[in-house]
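Please read the structure below before turning to the comments.
In what follows, chains carry the letters A, B, and so on, assigned in the order in which the sequence lines appear, proteins first and then strands, with residues in each chain numbered from 1.
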There are 2 protein chains.
Amino acid sequence: MTDSGRQIACPACPLRKRAIFIEAVGAELDFVSSFKMGELHARPGGAIYLEGATSPHLFTVLSGWAFRYKSLPDGRRQILNYVLPGDFIGLQATLAQALEHGIEALTDVRLCVFSRDRLDELFRNHPPLARNLTWLAAREERLLDDQLLAVGRRHARERVAFLLWHLWRRARESGVLEGGALTLPMTQQHLADTLGMSLVTFNKTLQRLRTTGVFTLADRRLEIHDEGAMATLAAADARPPERRPLI
Amino acid sequence: MTDSGRQIACPACPLRKRAIFIEAVGAELDFVSSFKMGELHARPGGAIYLEGATSPHLFTVLSGWAFRYKSLPDGRRQILNYVLPGDFIGLQATLAQALEHGIEALTDVRLCVFSRDRLDELFRNHPPLARNLTWLAAREERLLDDQLLAVGRRHARERVAFLLWHLWRRARESGVLEGGALTLPMTQQHLADTLGMSLVTFNKTLQRLRTTGVFTLADRRLEIHDEGAMATLAAADARPPERRPLI
DNA sequence: CGCGTGCTTGAAGCGGGTCAACAACAGTGG
DNA sequence: CCACTGTTGTTGACCCGCTTCAAGCACGCG
């Protein structure tokens, strides 16, 4: 993880142009600009947060993919969620306490760095931003609810379909779909660890799903041809994406 | 779900006396008092939130147990978390959107009712309370992280031990331990649905765990004799409970 | 007394886990 | 230039843990 040279000023942030993000008003944008301490660059495989460590920083992802995980003493790992551009991370930890999860970069990741110390100021002087933070926390919670339902109660087929469908939708929302296709930055081991299954089972389930023709996935290039059919395979129901705040 | 007669004024709330809750200062306590619209009573098995419905209300649990769940179209159910006295619920839903999870009472539950409409006012005029809300959302998220790790990556033995240990600790924090024992308000079916396993497996795993003597569970009365050993069985590590805000 | 609910236990089957081997490929160093 | 190595994806064989099916028991209640 190294400091990056070029900095993007918040009002000029390319993310803000995306339709999914609710536009911010001037005063708040000014505060966010001043709230931003700098940028950080993480390389693939690098730790953004270390499990069990403490960090005085909060981040917004500018570009790239990462994942949030927890692990057991013997090495078993559960991936909790993926982190995409526009996502705000670090809120889960309370001030003095150690992080209970780690975050690791999957690609090159550029992050806006904020100081935890100035959260008070944010809450005091910028209620709308405070509300946005809470909204984002609630959103994260909804994602976890879904994920928990998948891991706990969906069959292997449904789980795999669900994850691909989920990633597809999130990638589209975050604007990282390239020409109607998604290049997945993670290995099948990551995906298996997300779904609480073994690598082998993931692969074999994927093979069987490929025969449905509902999607194609080759060389990590995912294309979903029939989103409705995919949702059916996943035993999931689609709600339209909500516009969300960007900190 | 019916209206209850007697009302407790927030400054006199018996929950506030508990050491686990951070004491509130006057101005905020006054606002919470005015924020509180009334009380609600739910009977065992009654719905506090209906999956897929909308509700203009937020709640703090005054007494009793409930659980948060999601289900699949064919009836498979995943219990996401349990709700105990002092817990704040309803934040997960955004303003206009339908609730994506349900909450059902396990015992008689008394709830403080708040209006979602006045959240804006809370954020605008009471930054410390806003911060508390965010803190509580982050806490809920940490609980879900743990739960997801358990369901996804723990073995059946560890899962069952983990859940009992988890409930024990939360019950103690919320002050619902009676004479060093916890009377569980849920059936084994609930517990199995929490852990993403079948009722039969839960029961058989429980039988095997009973022989360790680390805890006793009979007639729904749980007693953990050696908390450290229990944590080992659960492949969990204990952090001391944190004091938390009460809305 | 009869019924419903929850707990317990046995038997049988299968879904997913583990072990193992190999192919494809990229990176490295001789 | 080409072995050598490590990573990722793929597939087969085998087995165990968990699920499903089934039945019996205890208890509370109308």
- Query: T201(A) side chain to M197(A) main-chain N or O, any donor-acceptor pair under 3.5 Å?
  - Reply: no
- Task: Pull out every residue in residues 63-76 of chain B that has a heavy atom closer than 4.0 Å to any atom of DNA chain C, ordered by number, or say none.
- Result: none
- Residue closer to the 5' end of DNA chain D, H155(B) versus Q188(A) (nearest nucleotide): Q188(A)
With a 3.5 Å cut-off and sequence neighbours excluded, list the donor-acceptor pairs that the side chains of residues 229-239 of chain A form with protein atoms.
from, atom 1, to, atom 2, distance (Å)
T232(A), OG1, G228(A), O, 3.0
R239(A), NH1, E100(B), OE2, 3.0
R239(A), NH2, E100(B), OE1, 3.1

- Item | Rounded distance (Å) that lies between atom P of dC7(C) and atom CE of M186(B) | 11 Å
- Item | Test item: F21(B) and R244(B) side chains (from C-beta on) under 4.5 Å apart, heavy atoms | yes
- Message: Let me check the geometry of the helix from dC1(C)-dG30(D) to dG30(C)-dC1(D). What is the bend angle between the axes at its two ends, five pairs each, to 10°?
- Response: 30°
- Query: Roughly how far apart are I79(A) CD1 and R68(A) CZ, rounded to 0.5 Å?
  - Reply: 11.5 Å
- Message: Using a heavy-atom cut-off of 4.0 Å across all strands, would you classify R220(B) as base, sugar-phosphate, or nothing?
- Response: sugar-phosphate
- Drop me the distance from Y82(B)'s OH to L163(B)'s CG, to the nearest 0.5 angstrom. 6.0 Å
- Item | R110(B)/D108(B) ion pair, N-O < 4.0 Å | no
- Item | Pairing of E178(A) and R221(A) as salt bridge, 4.0 angstrom limit | no
- Message: Applying ring-ring contact (aromatic ring centres under 6.0 Å, His included), can you list everything that pairs with F215(B), at least two apart in sequence or on another chain?
- Response: none
- Message: At a heavy-atom distance below 4.0 Å, what parts of residues 192-217 of chain B sit against DNA chain C?
- Response: V200(B), N203(B), K204(B), Q207(B), R210(B)
- Message: Quick one, R77(B) with E51(B), criterion salt bridge (Lys or Arg N to Asp or Glu O under 4.0 Å). Give me CA distance, side-chain angles, the key distance, then yes/no.
- Response: CA-CA 11 Å; R77(B) 177 179 70 173; E51(B) 212 176 351; over 6 Å; no
- Task: Name the first nucleotide and the last nucleotide along DNA chain D (5' to 3') that come under 4.0 Å of a heavy atom in chain B.
- Result: dC18(D) to dC21(D)
- Query: Hey, does P44(B) have a side-chain heavy atom less than 4.5 Å from the side chain of L106(B)?
  - Reply: no
- Item | W65(A) side, atom CH2; S174(A) side, atom OG - distance, nearest 0.5 Å | 8.0 Å
- Query: Do the numbers put R170(A) on top of the ring of W168(A), so that NZ or CZ is under 6.0 Å from the six-membered ring centre and no more than 45° off the axis?
  - Reply: no
- Note on the structure: Here the distance between atom C1' of dC14(C) and atom CZ of R157(A), to the nearest Å, is 16 Å
- Message: With rounding to the nearest 0.5 angstrom, report the CG to CD distance, L148(A) to Q147(B).
- Response: 5.0 Å
